[in-house]
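Report on the following structure.
None of the values given here were measured: they were computed from a predicted structure. Computation of the quantities below employed the complete heavy-atom set of this structure, encompassing side-chain atoms and omitting hydrogens, waters and symmetry-equivalent molecules.
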There are 4 protein chains.
Amino acid sequence: MSGRADRTRAELIRATTRLVREVGYAQTTTRAIARAAGVAEGTMYRHFPDKASLFLAALLEQHGPVVEAVERLPARAGQGTVEDNLVGCLRELATLREAVLPLELAMLADPELAAQRRRPPYPGGPGPGPPVRIAEYLAAEQRLGRVRADADPQRATMILLAVLFGLAVGPPAAPGPVDPDLIRDAVRLLLTGLGTAPG
Amino acid sequence: MSGRADRTRAELIRATTRLVREVGYAQTTTRAIARAAGVAEGTMYRHFPDKASLFLAALLEQHGPVVEAVERLPARAGQGTVEDNLVGCLRELATLREAVLPLELAMLADPELAAQRRRPPYPGGPGPGPPVRIAEYLAAEQRLGRVRADADPQRATMILLAVLFGLAVGPPAAPGPVDPDLIRDAVRLLLTGLGTAPG
Amino acid sequence: MSGRADRTRAELIRATTRLVREVGYAQTTTRAIARAAGVAEGTMYRHFPDKASLFLAALLEQHGPVVEAVERLPARAGQGTVEDNLVGCLRELATLREAVLPLELAMLADPELAAQRRRPPYPGGPGPGPPVRIAEYLAAEQRLGRVRADADPQRATMILLAVLFGLAVGPPAAPGPVDPDLIRDAVRLLLTGLGTAPG
Amino acid sequence: MSGRADRTRAELIRATTRLVREVGYAQTTTRAIARAAGVAEGTMYRHFPDKASLFLAALLEQHGPVVEAVERLPARAGQGTVEDNLVGCLRELATLREAVLPLELAMLADPELAAQRRRPPYPGGPGPGPPVRIAEYLAAEQRLGRVRADADPQRATMILLAVLFGLAVGPPAAPGPVDPDLIRDAVRLLLTGLGTAPG
DNA sequence: GATGAATGAGGATTCATTCAT
DNA sequence: GATGAATGAATCCTCATTCAT
């Protein structure tokens, strides 16, 4: 129980997430985290074996809401329009991701950190998550005849998420939230296609 | 005259690019760079004012080939198929980018490094580059009736490049080259569209 | 509570003062200070933001005793002889200054260090100090008729202290304590005058 | 004769003197000197075995004019007033010293540099210089009855020069030329005396 | 559990000096 | 004589981590 310990732990994670977003990974020192969390420097090591584990925990913390947001998608197959369903889901993903994108980038940029990602910090680890649910949704729509029969739902999902990630990070964007209009444009383009001829 | 200096400079850039790719930005210390380049640590500072400038130079070094690769694209409008043209171009981009992606990620992850990007290291700076050329190509194909009349070439280009970036970095990828098949799939998807009905 | 921290801080200041006196400012590296203080190099930075601040603190540490020594002077006006009073005071100043003269010289020789002196390290900063007290004393003696009526006490104080500083540093001196006889000679000369005629 | 080498040497000394005065000893790097002198970094070592020797040479360069200025003093004994003679001499000294005071301070602050001063850079070294000449002058005036018979000319000279040095450096003064009025005040004070009673 | 002083290896950078051209 | 690229030891400082209180 010990509500105090739990609060400290949560504070540490909140501080870490905030600092990485605001000042970048390089500037997020243990001292800065401790100060931002309002605890002593040594306290961190009561809750996490080392700094990398704290980062990992911060990253996973966000995973819950993301999963939830996508969990509902497959059930919407056949309702409304495909475009609206996808746009809604991707916008939610973009919003949630905004908080952790800097953490993800830090991991991508630092192999040593990324190595930690291999071994999930607790047995079982995070569930299937967004990619699987979106693919499920696309397959369902495919069965309903609202998505081309010759498309590969998994491949399409991969590309869909790649667009999302690319737009979130992309060169034109000063770091900041993804333009929601851009998300709709992307989904529409992916649905409609760019070409005029059958091939 | 200063063949030696030129060689040293090139060696430094090569070493930096290689190290960032292999061990990540955080591990790429000035000492490691010097050792890999076969020079003394102080020598670095005769060629670059500081470490960030060296990284920037390494990044820009790659810019030339990238620009060249895309420069030829607009001229191909109307020849072959749109799909093949785009796939060819994007594959080239992917290959070239492979070398600098870790550098780009480092910049994205470290605001301090990114700040350097604002002031281009030499007057004039890099030219328009890939986005503009690809948009030009799409517009040309549009005039030829091979791309939907109601598409926005610039917006489409943005999305095209976002896919490419997302695929290069994306969650599935163990760091490594982008699967060329994935590129073709993405282009085909973008051309054909995922949907069946107009909405 | 923090007896240990206080002791470390004092040790750092003592080590700094000693090293600057013995080997000069240029040789007084952070490593040497740490070694002499018996602490790790990083420990210095828990107590002082940077090296210059440590020097400044070492300088101010000495300020207390100096001020006290001169504080008593004005009260002696009219007692004993003017010569003895001044000689006693200046000898004390010379002794105290001996410890910090190298620090003062370092500041004079290095504009960057001197720049730190501008902003006093704590609000309020050091009080009026020696010059004012000596001038007060001279003015008091003047009212008692033991100092020429046409003398300017402030000007005379300035010159008195200039002699002291000049003797402490001056060309003849192998670095070391000021000869006390020289101080008496100087005071006597300043009181008696060198000339015979009014002009 | 090689006028070019001579000019380079002079340029190096000029640059050194100027830089030490303007930016302080610590900032006067060999690179800065070379740049300011308009020569390559390595060239310095054609003319001086090391940096300290260059500093020493710069210091001695100034010695000539100083000596000359004081050389004429003994001959003025008996002419004009003692005050005017001394004031004139000291003011000249102050002006000349202004250029090298930073160099002298640097030497005083750095024992390693000061060690070089012991062995004069060329046999014979500089002559007796100011102290002796001023003492000679005072002794001459003493014989003429214009200086107290019981004064010690050498001791008085020492004190006179100490005042000058102290005023040039002194705490109140922002670094800059010595106020000529202050010099006259000091001389007058030393001649007239501060006291009213015979002892 | 929490604290924060202490650690010390390691980081980027500087600079007097050397030497091939 | 002059050049300037190269050197590498040394500098100040940072920071994840430990441990006595």
Think C:Thr43 has a side-chain N or O under 4.0 angstrom from the OP1 or OP2 of E:dA5?
no

Could you tell me which non-hydrogen atom of C:Ala58 sits nearest to which non-hydrogen atom of C:Leu103, and how far apart they are?
CB-CD1, 3.9 Å

DNA chain F-proximal residues of residues 23-30 of chain A, any heavy atom under 4.0 Å
A:Thr29, A:Thr30

Please list all pairs passing the ring-ring contact (aromatic ring centres under 6.0 Å, His included) test where one or both residues lie in residues 12-62 of chain A, with sequence neighbours left out.
A:Tyr25-A:Phe55

Hits for side-chain contact (heavy atoms from CB on, under 4.5 Å) against A:Ala32, two or more places apart or cross-chain, chain-then-number order -> A:Leu19, A:Thr29

Between B:Lys51 and C:Ala40, just flag the one whose closest nucleotide in DNA chain E comes earlier from the 5' side.
C:Ala40

D:His47 side-chain N/O to F:dG1 phosphate OP1/OP2 under 4.0 Å
no

Using five pairs at either end of the helix from E:dA2-F:dT21 to E:dT21-F:dA2, determine the angle between the two local helix axes and round it to 10 degrees.
10°

Tell me, please, which residues at least two apart from A:Arg31 pass salt bridge (Lys or Arg N to Asp or Glu O under 4.0 Å).
A:Glu41

Identify, with sequence neighbours excluded, every residue that meets side-chain contact (heavy atoms from CB on, under 4.5 Å) alongside A:Val39.
A:Thr8, A:Leu12, A:Ala34, A:Ala37, A:Thr43

C:Glu104: what forms a salt bridge (Lys or Arg N to Asp or Glu O under 4.0 Å) with it, not counting sequence neighbours?
C:Arg97

Pairs where residues 12-21 of chain D contributes a residue and the test side-chain hydrogen bond (donor to acceptor under 3.5 Å, both in side chains) is met, not counting sequence neighbours:
D:Glu11-D:Arg14, D:Arg18-D:Glu22

Mind calculating the distance between CD1 (B:Ile33) and P (E:dA12) to the nearest angstrom?
7 Å

Tell me which of B:Arg9 and A:Met44 sits closer to the 5' end of DNA chain F, going by the nucleotide each one is nearest to.
B:Arg9

N or O in side chain of B:Thr8 less than 4.0 angstrom from F:dA6 OP1/OP2
yes

Side chain to side chain, D:Met107 and D:Leu56, heavy atoms closer than 4.5 Å:
yes

Grab the N/O contacts between the protein and nucleotides 18-21 of chain E below 3.5 Å, and write none if there aren't any.
none

